[in-house]
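Please read all numbers here as calculations on a predicted model, not as lab measurements. Numbering of ligands and ligand atoms starts at 1, following listing order.
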Amino acid sequence: MIATEQSGIAWVVLNRPDKRNAMSPTLNDEMVEVLDAVAVDDRSQVLVLTGAGNSFTAGMDLKEYFREVDALPPVQQEIRRRTAHLWQGPRLRGFPKPTIAMVNGYCFGGGFTPLVSCDIAVAAGDAMFGLSEVNWGIIPGGNVPQAIVHTMSLRDALYYGMTGETFDGRKAAEMRLVTEAVPAGRLRERVIEIAELLKAKNPTVVRGTKEAVRHIRSMGWTEAEDYINTKLAAAVNTDPEQGRARGLTQFLDEKSIKPGLQAYSRPAGESEGHGR
Ligand code: ACO
Ligand code: V55
């Protein structure tokens, strides 16, 4: 797939527009490599995932990911399919930089997993979503059920999962499956605005926050407290720009900021992405 860097944003584009960016094993293999490359590339601080043409993704490729792989022996099937789970799941969900899904069109079935793996999702108001698995005779697989129960209400997950009815970007935002919906003509501009907000923040803190929010969902209160306090201490200790000390000094001693209203001023160069 295409990954281009533009002023700190890595644009990762699912690029099979003739097939509505359906996810084939080849696309999935490439996505593992692209995500690993972007993760360690200091030129980008934020990743945007989108699709070429009029589609985000039409879901898993029914020909190349299902029919053709069905013809292989069981172990080979598993190997051929596992890069899908790898990039859509652990690699993207655990991505070390903030991630934004820019939903420019169709988002069906297996497309819900990368969608929810992104930290933020902005959809065009007229984007079209659907849990279409039922329409071709399978239960939503991979981590699609997990993705929908972590974002949609039980009622919405059941209704759209069981009926396969489509809904648009505005409805997706109302249901909170996506962060917000904007008119299609404003989509890119709005995504860049959000990326700029994220780029200006301390990357160590942003990463820790994202990991903490995602990881504590399956913990009880006691484990969560312990995990968070340990993680917080680790982040303070490893933060190359020592944000906590700067923030305290600027508020308490210099009185140059009010953290409720603005961020501490970062050392020169750090907001340009030379941090680790
Ligand atoms: N798998 C394989 N090929 C696909 C897929 C897919 N998921 N989606 C589209 N394509 C291919 C079509 O077969 C067609 O190929 P061809 O030009 O070689 O004949 C090409 O992409 C264009 O598709 P059209 O159907 O002609 O495009 P249109 O814009 O009219 O419709 C739509 C787009 C609504 C996305 C339609 O293609 C569709 O319903 N796709 C399947 C969506 C789906 O149910 N995906 C699976 C979800 S379940 C899962 O992911 C596990
Ligand atoms: C789906 C996704 C899969 C799979 C089976 O419903 C079904 C979507 C990403 O992998 O293996």
S.K.: Any donor-acceptor pair under 3.5 Å linking the side chain of R214 with the backbone of S117?
M.R.: yes
S.K.: Would you say atom 19 (O) of ligand 1 has a protein heavy atom nearer than 4.0 Å?
M.R.: no
S.K.: Minimum distance, heavy atoms only, to atom 46 (C) of ligand 1: which one of A58, G109, G110 is it?
M.R.: A58
S.K.: Does ligand 1 have a heavy atom under 4.0 Å from the side chain of V144, from its backbone, from both, or from neither?
M.R.: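 Looking at V144 and ligand 1, no heavy atom falls under 4.0 Å.
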S.K.: Examine the proximity of ligand 2 to F66 and report which part, side chain or backbone, both or neither, has a heavy atom under 4.0 Å away.
M.R.: side chain
S.K.: Any heavy-atom pair between the side chains of M128 and F108 that's under 4.5 Å?
M.R.: yes
S.K.: Are any non-hydrogen protein atoms located under 4.0 Å from atom 13 (O) of ligand 1?
M.R.: no
S.K.: Looking at D41, D119, L35, I100, which one forms a side chain to side chain contact (heavy atoms under 4.5 Å, CB included) with L47?
M.R.: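 The side chain to side chain contact (heavy atoms under 4.5 Å, CB included) with L47 is passed solely by L35 among D41, D119, L35, I100.
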S.K.: Any idea which protein heavy atom is nearest atom 11 (O) of ligand 2, and the distance to it?
M.R.: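 The answer is Y65 OH, 2.9 Å.
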S.K.: Does any N or O in the side chain of S55 come within less than 3.5 Å of the main-chain N or O of G51, such that one atom is a donor and the other an acceptor?
M.R.: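 Looks like no, no N/O pair under 3.5 Å.
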S.K.: Of the non-hydrogen atoms in A181 and G125, which two are nearest, and what is the gap between them?
M.R.: CB-CA, 4.3 Å
S.K.: Walk me through it: do F129 and V178 pass the test side chain to side chain contact (heavy atoms under 4.5 Å, CB included)?
M.R.: CA-CA 11 Å; F129 295 80; V178 301; 3.9 Å; yes
S.K.: Does any non-hydrogen side-chain atom of N28 lie less than 4.5 Å from one of M60?
M.R.: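 When only atoms from C-beta onward are counted, N28 and M60 do touch, with a gap below 4.5 Å.
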S.K.: Is there a side-chain contact between I216 and E223 in this structure, where contact means two heavy atoms from C-beta onward sitting under 4.5 Å apart?
M.R.: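 The answer is no, as the side chains (C-beta and beyond) never meet within the 4.5 Å cut-off.
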S.K.: Can we say K171 and E165 salt-bridge, meaning some charged N sits less than 4.0 Å from an Asp/Glu carboxylate O?
M.R.: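 So K171 does not pair with E165 through a salt bridge.
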S.K.: In the protein, which heavy atom is nearest to atom 1 (N) of ligand 1, and how far is it?
M.R.: L62 N, 2.9 Å
S.K.: Show me which atoms of ligand 2 lie under 4.0 Å from any heavy atom of G142.
M.R.: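 Counting from 1, the qualifying ligand atoms are 1 (C), 2 (C), 3 (C), 4 (C), 5 (C), 7 (C).
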S.K.: Is it the side chain, the backbone, both or neither of M23 that has a heavy atom closer than 4.0 Å to ligand 2?
M.R.: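 M23 to ligand 2: no contact under 4.0 Å from either part.
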S.K.: Which heavy atom of the protein is the closest neighbour of atom 7 (C) of ligand 2, given with residue, atom name and distance?
M.R.: G141 CA, 3.4 Å
S.K.: Which of the numbered atoms in ligand 1 are below 4.0 angstrom from a heavy atom of G59?
M.R.: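 Those of ligand 1 that fall under 4.0 Å from G59 are 50 (O).
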S.K.: If you measure every N/O of H85 against every N/O of ligand 2, is any gap under 3.5 Å?
M.R.: yes
S.K.: Side chain or backbone of W136 under 4.0 Å from ligand 1, or both, or neither, by non-hydrogen atoms?
M.R.: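 Side chain only.
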S.K.: Can you tell which of T113, L115, V149 makes a side chain to side chain contact (heavy atoms under 4.5 Å, CB included) with V144?
M.R.: T113
S.K.: Determine if the distance from atom 25 (O) of ligand 1 to the closest protein heavy atom is below 4.0 Å.
M.R.: no
S.K.: What about K63: any of its N or O atoms under 3.5 Å from an N or O on ligand 1?
M.R.: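 No, K63 has no N/O under 3.5 Å of an N/O on ligand 1.
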S.K.: Please report the interatomic distance OG1(T57) to NZ(K19), rounded to the nearest 0.5 Å.
M.R.: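 One finds 13.5 Å between OG1 of T57 and NZ of K19.
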S.K.: Among protein heavy atoms, which lies nearest atom 22 (C) of ligand 1, and at what distance?
M.R.: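 Protein heavy atom with the smallest distance to atom 22 (C) of ligand 1: D18 O, 3.5 Å.
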S.K.: Suppose I only count heavy atoms of E133 and a 4.0 Å limit; which atoms of ligand 2 are within that range?
M.R.: 6 (O), 8 (C)
S.K.: Counting heavy atoms only, which part of R81 comes closer than 4.0 Å to ligand 2: side chain, backbone, both or neither?
M.R.: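 Near ligand 2, R81 shows nothing, with every heavy atom at 4.0 Å or more.
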S.K.: Give the residue, atom name and distance (to 0.1 Å) of the protein heavy atom nearest atom 33 (C) of ligand 1.
M.R.: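 Here the nearest protein heavy atom works out to Y106 CE1, 3.6 Å.
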S.K.: Would you call R80-E68 a salt bridge at under 4.0 Å N-O?
M.R.: no
S.K.: So which protein heavy atom does atom 16 (P) of ligand 1 come closest to, and at what separation?
M.R.: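 I find the closest protein heavy atom is K19 NZ, 3.6 Å.
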S.K.: Counting C-beta onward and ignoring hydrogens, is there a side-chain heavy-atom pair between V206 and Q45 closer than 4.5 Å?
M.R.: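 No, too far: nothing below the 4.5 Å cut-off.
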S.K.: Would you tell me whether N21 and Y106 have side-chain atoms, one donor and one acceptor, within less than 3.5 Å of each other?
M.R.: no
S.K.: Do F66 and W87 sit in one hydrophobic cluster, given that two such residues count as connected whenever their side-chain heavy atoms are within less than 4.5 Å of each other, even indirectly?
M.R.: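 Both belong to a single hydrophobic cluster.
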S.K.: Checking the N or O distance criterion of under 3.5 Å, is ligand 1 in contact with E133?
M.R.: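 Not met; the criterion fails.
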S.K.: Could you find the nearest protein heavy atom to atom 6 (C) of ligand 1 and give me its residue, atom name and distance?
M.R.: A22 CB, 3.6 Å
S.K.: Give the numbers and elements of all ligand 2 atoms closer than 4.0 Å to a heavy atom of P140.
M.R.: 6 (O)
S.K.: Would you mind checking which non-hydrogen protein atom is closest to atom 35 (C) of ligand 1, with the distance to 0.1 Å?
M.R.: F108 CE1, 3.7 Å
S.K.: Shared ILVMFWY cluster between V205 and Y264, side chains joined below 4.5 angstrom?
M.R.: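 Cluster IDs for V205 and Y264 differ.
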S.K.: Above 12 or not: heavy atoms from other molecules or residues under 6.0 Å from CD of E33?
M.R.: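 Incorrect, the count does not exceed 12.
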S.K.: Note the single closest protein heavy atom to atom 37 (O) of ligand 1, along with its residue, its atom name and the distance in Å.
M.R.: R20 CG, 4.4 Å
S.K.: How does F66 reach ligand 1, by side chain, by backbone, by both or by neither, if only non-hydrogen atoms under 4.0 Å count?
M.R.: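 Side chain only.
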S.K.: Any non-hydrogen protein atom below 4.0 Å of atom 39 (O) of ligand 1?
M.R.: no
S.K.: Heavy-atom distance from atom 30 (O) of ligand 1 to the protein below 4.0 Å?
M.R.: no
S.K.: Which residue owns the protein heavy atom closest to atom 44 (O) of ligand 1, what's the atom, and how far is it?
M.R.: S132 OG, 2.6 Å
S.K.: Got the closest protein heavy atom to atom 9 (C) of ligand 2, with its distance?
M.R.: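 Its nearest protein heavy-atom neighbour is Q88 OE1, 3.3 Å.
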S.K.: In this structure, does ligand 1 have an atom that sits under 4.0 Å from one of the heavy atoms of L131?
M.R.: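 For ligand 1, residue contact (heavy atoms, under 4.0 Å) with L131 is absent.
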S.K.: Mind checking the NZ-CZ spacing from K210 to R207? Nearest 0.5 Å is all I need.
M.R.: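 Between atom NZ of K210 and atom CZ of R207 there are 8.5 Å.
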